[in-house]
**Q** 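First the structure, which I've put down as structure tokens, then a few questions once you've had a look.
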Amino acid sequence: LLAAAGFCCLLVLALRLCPKNNTDFTGQRRLRLPGDAAYDTCRLLEEETGIQIFYLPEWTEKEDGFLHYDDFERFQWDKAYFQDVLEELEKMREAFQRYPEGFLREVTAGKGERAVQIVLCPYTYDGYASYGRYVHDHSENEAKVDCIYYTGRGDSQYYSHEMGHMVLTAAAMRSGWQAFCDAWDGCGDGWVSDYARTSRSEDWAETWAWLWHQRDAVEKRCQESEPLLAKVRLLSGLLTENYSTVTESGLPWDSLL
């Protein structure tokens, strides 16, 4: 009996110390380390969005990006790290829950065989508070995966900005890429921020993020800028034409439409 009891104690200890394998909504096995307070929130957010979400140590970048492999040596997969991940996931969730119910799942489903993944790391290069990037998979791989990278510590609008790149790229491709780009450029010079001036893609993402997070400021600027108002209406029409979860009256800025 003593031997059996000792074996049971060792088994319990081993289970506590060893990583636990679980699955996400796609059925893919996911790593769950002891002390990972972010795990359950991550899986729940995946269910809500239809997008797989990865964070270190489960994911490492194949090529140098905002984090290099050498940077990983200073990371400790301890409770403090996972708490940082959890805080960023909660801000991400706060952003995405502003959108119509089921919207992101509809967007990802509309991409067909092209998958979407979010990669999150609460740390970044020294000197950068946050850094995001959307990468549309232009490879010749049969299984294409578009990635949204979030590094550093952001606010909820930061998470919407990078998501805006994916959402509007997907919608523009459904409607006719060149036609939408030409229509956007034809609206004229009106921007929600200085950063929106840097490129068309950043203009899309900034307009999207400001509409969801700083609607009052956009409405005020639209009173002074007909080109910006035209962009807001064009963006809104793109959404309502492509996604059943979006209606004009259901958009928070419907007064501009």
Side-chain angles (χ1 to χ4, degrees), residues 19-20 22-26 28 30-99 101 103-105 107-108 115-135 145-167 193 195 202 205-206 208-214:
K20 300 177 182 179
N22 295 266
T23 59
D24 61 24
F25 75 102
T26 70
Q28 181 174 334
R30 305 297 293 273
L31 182 66
R32 182 171 192 166
L33 293 177
D36 185 353
Y39 185 90
D40 291 332
T41 296
C42 188
R43 300 287 83 77
L44 179 60
L45 188 53
E46 286 179 322
E47 290 277 359
E48 293 174 354
T49 61
I51 301 172
Q52 286 182 301
I53 303 172
F54 296 91
Y55 52 87
L56 298 170
E58 189 174 43
W59 174 91
T60 56
E61 194 164 5
K62 295 179 181 178
E63 300 177 358
D64 288 345
F66 357 88
L67 291 169
H68 295 274
Y69 286 118
D70 291 344
D71 295 324
F72 301 154
E73 296 177 1
R74 63 187 171 91
F75 293 168
Q76 296 183 23
W77 319 124
D78 55 13
K79 290 184 178 180
Y81 166 75
F82 290 121
Q83 185 61 40
D84 288 341
V85 173
L86 177 59
E87 290 177 6
E88 295 310 302
L89 285 172
E90 289 174 339
K91 286 183 280 189
M92 186 189 301
R93 188 181 188 193
E94 191 277 326
F96 298 166
Q97 286 187 330
R98 292 172 181 255
Y99 313 157
E101 184 177 355
F103 172 69
L104 288 179
R105 292 193 68 90
V107 172
T108 55
V116 182
Q117 292 180 354
I118 289 174
V119 178
L120 171 69
C121 180
Y123 309 135
T124 187
Y125 288 133
D126 290 340
Y128 286 86
S130 59
Y131 193 94
R133 182 177 64 176
Y134 168 66
V135 179
V145 181
D146 299 331
C147 289
I148 305 170
Y149 299 98
Y150 294 108
T151 62
R153 312 302 294 271
D155 56 19
S156 59
Q157 183 168 333
Y158 161 66
Y159 289 103
S160 274
H161 175 95
E162 296 306 327
M163 181 57 70
H165 281 294
M166 188 279 287
V167 167
S193 69
Y195 188 56
E202 296 303 341
E206 277 287 88
W208 163 270
W210 277 64
L211 282 169
W212 290 110
H213 296 267
Q214 299 193 56

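Throughout, residue positions are numbered sequentially from 1 according to the sequence presented.
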**Q** When the ring planes of Y99 and F96 are compared, do they come out parallel, tilted or perpendicular, using 30° and 60° as the limits?
**A** tilted

**Q** May I ask you to test the S160-H213 pair for a side-chain heavy-atom distance under 4.5 Å?
**A** yes

**Q** Inspect the surroundings of CD in Q28 and state if more than 12 heavy atoms from other residues, nucleotides or ligands are less than 6.0 Å away.
**A** yes

**Q** Check this for me, if you would: do R133 and E162 make a salt bridge, where the nitrogen-to-carboxylate-oxygen distance has to be below 4.0 angstrom?
**A** no

**Q** Counting only heavy atoms not in E101, do more than 12 fall under 6.0 Å of its CD?
**A** no

**Q** Between NZ of K79 and CG of L33, what distance do you get to the nearest 0.5 Å?
**A** 13.5 Å

**Q** Can you measure from CG (D84) to CG (L120) and round to the nearest 0.5 angstrom?
**A** 10.0 Å

**Q** Has R105 got a side-chain atom pairing as donor or acceptor with E47's backbone, closer than 3.5 angstrom?
**A** yes

**Q** Check whether any side-chain heavy atom of V167 sits under 4.5 Å from a side-chain heavy atom of L104, and report yes or no.
**A** yes

**Q** With rounding to the nearest 0.5 Å, note down the distance linking OH in Y81 to CG in L86.
**A** 12.0 Å

**Q** Restricting to non-hydrogen atoms, name the atom on M163 and the atom on I51 that form the minimum distance, rounded to 0.1 Å.
**A** CE-CD1, 3.8 Å

**Q** Give the minimum heavy-atom separation between A38 and F82, together with the two atoms involved.
**A** CB-O, 3.8 Å

**Q** Between M92 and I118, is there a side-chain heavy-atom distance shorter than 4.5 Å?
**A** yes

**Q** Kindly compute the distance separating CG (D24) from CD (E46), expressed to the nearest 0.5 Å.
**A** 5.0 Å

**Q** Taking the six-membered ring for Trp, are Y150 and Y159 closer than 6.0 Å centroid to centroid?
**A** yes

**Q** Quick one: does V107's side chain get under 4.5 Å of V116's, heavy atoms only?
**A** no

**Q** When rounded to the nearest 0.5 angstrom, what is the spacing between CD in E202 and OH in Y195?
**A** 3.5 Å

**Q** Quick one: does any side-chain atom of E88 pair with a main-chain N or O of G154 as donor and acceptor, under 3.5 Å?
**A** yes

**Q** Please round to the nearest 0.5 Å and tell me the distance separating atom SG of C42 and atom CD1 of I53.
**A** 4.5 Å

**Q** Any side-chain donor paired with an acceptor under 3.5 Å for D36 and Y55?
**A** yes

**Q** Please evaluate residues N22 and Y39 with respect to the criterion side chain to side chain contact (heavy atoms under 4.5 Å, CB included), reporting the C-alpha separation (whole Å), side-chain torsions for both, the decisive distance (0.1 Å), and the verdict.
**A** CA-CA 10 Å; N22 295 266; Y39 185 90; 2.6 Å; yes

**Q** Taking the side chain from Y158 and the backbone from Y131, do they hold a donor-acceptor pair closer than 3.5 Å?
**A** yes

**Q** Please report the closest heavy-atom contact between T124 and T151, naming both atoms and the distance.
**A** OG1-OG1, 3.5 Å

**Q** With the threshold set at 4.0 Å, does a side-chain nitrogen-carboxylate oxygen contact exist between R93 and E90?
**A** no

**Q** How close do S156 and A95 get, counting heavy atoms only, and between which atoms?
**A** O-CB, 3.2 Å

**Q** Are the side chains of R30 and F54 in touch, meaning some heavy atoms are under 4.5 Å apart?
**A** yes

**Q** If you look at every heavy atom in M166 and I148, which pair is closest and at what distance?
**A** CB-CD1, 3.9 Å

**Q** Kindly say whether W212 contributes a backbone atom to a donor-acceptor pair with the side chain of R98 at under 3.5 angstrom?
**A** yes

